[in-house]
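Each ligand, and each atom within it, is numbered from 1 in the order the structure gives. No experiment lies behind these values; they were computed from the predicted model shown.
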Amino acid sequence: MKNLLLSLLILGALTTRAQKAEVRPTNEFVVTGLVKHEVRITLGDIGKLAAKDIPDLAVTSHQGEPRGNLKQVKGVLLKDLLQNIALKEDNPKLFSEFYFTFTASDNYKVVYSWNELFNSPTGNNIFIVTAIEGEPLQQMRNRILVITTTDFKTGRRHIKGLDKIVVGRTA
Ligand SMILES: Nc1nc2c(c(=O)[nH]1)N[C@H]1C(S)=C(S)[C@@H](COP(=O)(O)O)O[C@H]1N2
Ligand SMILES: [Mo]
């Protein structure tokens, strides 16, 4: 009985921890779901692409409050990293039914549609950050960090600790 109570207590404590999970830095992410072949993208793969200079970015919370400024930012375009991903659909017209759920290491989730990524100006402004104020990707606490620089409230899609991208399709 004593042991059972103790087990329940420990279990309870562990579950509470899991609910307010900390963002863990990530060193790779997978692209999975409705793709022909699952792809794993590492810091090394990200480093191979040419990084662009990105203008300083004010991060605003979902309530519009300032959450800091990102300075001397460099990044690679997310759509360049994803360009070889084959959706499980051969008719390009139907790509419009697909969406991408970006999931972070603390289970924070953000959705982008296929059109948003590949067929709109927003896609030209979604970056994986490769450096902030001279600090390289391997050392960034928030790695792997995704930003969407043209958003109104930039905090929402300032995704820290990207862990996976799950490709889905609307019902
Ligand atoms: N992994 C992860 N990224 C996240 C969040 C989160 O909870 N987990 N919160 C988002 C929100 S709502 C905001 S406003 C920004 C800025 O939050 P910060 O001040 O905690 O950095 O991070 C975004 N990125
Ligand atoms: Mo937020």
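Distances between N or O atoms of K160 and those of ligand 1 include at least one value under 3.5 Å. Checking only distances, S61 never comes within under 3.5 Å of ligand 1, N or O to N or O. The shortest N/O to N/O separation between D106 and ligand 1 falls below 3.5 Å. Looking at ligand 1, you won't find any N or O of R156 less than 3.5 Å from one of its N or O atoms.
At distances below 3.5 Å, at least one donor-acceptor pair connects side-chain atoms of T154 with backbone N or O atoms of A58. For the pair E22 (side chain) and R24 (backbone), a donor-acceptor distance under 3.5 Å is absent.
Salt bridge annotation for K71-E133: absent, with no cationic side-chain nitrogen under 4.0 angstrom from a carboxylate oxygen. Salt bridge D80/K48: absent, no basic N to carboxylate O contact under 4.0 Å.
Atoms of ligand 1 lying under 4.0 Å from at least one heavy atom of H62, given by number and element, are 12 (S), 14 (S). Proximity to A104 (heavy-atom distance under 4.0 Å) selects the following atoms of ligand 1: 1 (N).
Looking only at protein heavy atoms, the nearest one to atom 16 (C) of ligand 1 is R67 NH1, 3.8 Å. From the protein, the heavy atom lying nearest to atom 24 (N) of ligand 1 is H158 O, 2.5 Å. Looking from atom 15 (C) of ligand 1 to the surrounding protein, the closest heavy atom is G155 O, 3.3 Å.
A side-chain donor-acceptor contact under 3.5 Å links N115 and S96.
Of the residues listed (Y108, F29, Y112), the one engaging F102 in a ring-ring contact (aromatic ring centres under 6.0 Å, His included) is Y112, and it is the only one. Residue T32 is tested with E38, K164, H37 for a side-chain hydrogen bond (donor to acceptor under 3.5 Å, both in side chains); the sole match is E38.
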